[in-house]
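As the structure is a prediction and not an experimental result, all values here were calculated from the model. Here is the naming used below: chain letters follow the sequence lines, and residue numbers restart at 1 for every chain.
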Protein chains: 2
Amino acid sequence: MKPPKSSKNDVFLRYKLWLSAVSGEGIVGEGTHLLLRKIEEKGSLKAAAEFLGISYRKAWGDIKKSEELLGYDLTVKRRGGIGGGQSDLTTKAKNLLEAYDALHKKMDTAIEEAYAEFKEKTK
Amino acid sequence: MKPPKSSKNDVFLRYKLWLSAVSGEGIVGEGTHLLLRKIEEKGSLKAAAEFLGISYRKAWGDIKKSEELLGYDLTVKRRGGIGGGQSDLTTKAKNLLEAYDALHKKMDTAIEEAYAEFKEKTK
DNA sequence: AGTCGATATGTAATCATTTTCATATCGACT
DNA sequence: AGTCGATATGAAAATGATTACATATCGACT
């Protein structure tokens, strides 16, 4: 195989965390998490999607899928009226985000703790 | 029919762990991990790919990509000869798997610890 | 020297995901 | 009543990932 590209080969650990149904189909992951945070900040799904650089269509579909998976609404949607409409987070969504963040922090700690050991073993 | 202890809306946490280069997407994840384990067991990439239900082409490409990312070989490949050829793990690959497993165990524990709390917060 | 079966690798075809496009609805405000 | 901008949603187009196919190489063993 090719010779190593020196420092380019410095790898690190990454992980993904998401909610999944028994069916195996997961959806509420990092993407949705970010999306929800942006909706919270901007008050609009459209603005959130734009900010994150994904299509409105996908953002909308992701939220819908997540809500179907969870069985409860994540956003309060309003159309028409001032500004054309808006989306806000439900209390449940806020709780979900809070729990998600806490878990992420735990995972980060676990990763950090294991990282040195990992590099030692694989160097 | 049985009383569903878990409704269709009962979700649970899942995670993925992988190695990534600074450049971008990583490759040595669960799939490659399983693939390497199977190569170790079967002594052949072809047999491993078949067992896992993925194409030989993809399996081969995954290993190659991983090796390029890491900068060292994961398998010792031989073609021709008895049986047509074989693939075996390098010592570094074995170390990598061992480290990966250990880390996975840590992550599992972290998840487990956080799960009850998570469900409480999101119920 | 020829067979066999696995590795090696390019390319076309297929399948999955995401974006684009298109069109409808809603409601506060002119 | 008509405008505006965001939500709602289907369908086509584009992108990306994976498989299928095709062909070459290698080397122990007949």
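A salt bridge between B:D88 and B:K77 is absent, with no side-chain N of the basic residue lying under 4.0 Å from a carboxylate O of the acidic one. Salt-bridge formation is not detected for the pair A:K106/A:D101: no Lys NZ or Arg NE/NH1/NH2 atom is positioned less than 4.0 Å from an Asp or Glu carboxylate oxygen. Using a 4.0 Å cut-off between a side-chain N of Lys or Arg and a carboxylate O of Asp or Glu, A:K46 and A:E50 qualify as a salt bridge. For the pair B:D62 and B:R57, the salt-bridge criterion is not met [side-chain N within less than 4.0 Å of a carboxylate O].
When rounded to the nearest whole Å, the span between CD of A:Q86 and P of C:dC26 equals 16 Å. The nearest whole Å value for the distance from the CD1 atom in B:I63 to the P atom in C:dT7 is 11 Å. In this entry the distance linking CZ of B:R57 with P of C:dT7 reads 14 Å, nearest Å. Rounded to an integer number of Å, the gap from B:I82 CD1 to C:dT3 C1' is 14 Å. Look at CG on B:D88: it is 14 Å from P on C:dA6, rounded to the nearest Å. Distance, B:R79 CZ to D:dC26 P: 6 Å, rounded to whole Å. As a whole-Å value, the separation of A:K58 NZ from C:dA16 P is 16 Å. Between A:R78 atom CZ and D:dA8 atom P the separation is 11 Å, expressed in whole Å.
A close approach under 4.0 Å does occur between a side-chain nitrogen or oxygen of B:W60 and OP1 or OP2 of C:dA8.
No close placement of the B:Y15 and A:H104 rings is indicated, their centers lying 6.0 Å or farther apart.
For the contact set between residues 42-56 of chain B and DNA chain C, defined by any heavy atom under 4.0 Å, the members are B:S44, B:L45, B:K46, B:Y56.
More than 12 heavy atoms of other residues, nucleotides or ligands sit less than 6.0 Å from atom NZ of A:K38.
Every residue was checked against the salt bridge (Lys or Arg N to Asp or Glu O under 4.0 Å) condition with B:K65, not counting sequence neighbours, and none meets it.
Among the heavy atoms of the strands lying under 4.0 Å from B:G85 are primed sugar atoms or P, OP1, OP2 only; no base atom is included.
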Secondary structure of DNA chain C in dot-bracket form (Watson-Crick or G-U wobble, distances below 3.5 Å, | marking inter-strand pairs): ||||||||||||||||||||||||||||||

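Residues B:S66 and B:L74 approach most closely at CB-CD1, 3.7 Å, considering heavy atoms.
Comparing B:S87 and A:A59, the nucleotide of DNA chain C nearest to each residue sits closer to the 5' end for B:S87. Between A:G84 and A:K64, the one whose closest nucleotide on DNA chain D sits nearer the 5' end is A:G84.
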Worked verdict on B:S44 versus B:K42 for side chain to side chain donor-acceptor pair (under 3.5 Å): CA-CA 5 Å; B:S44 143; B:K42 308 246 178 199; over 6 Å; no

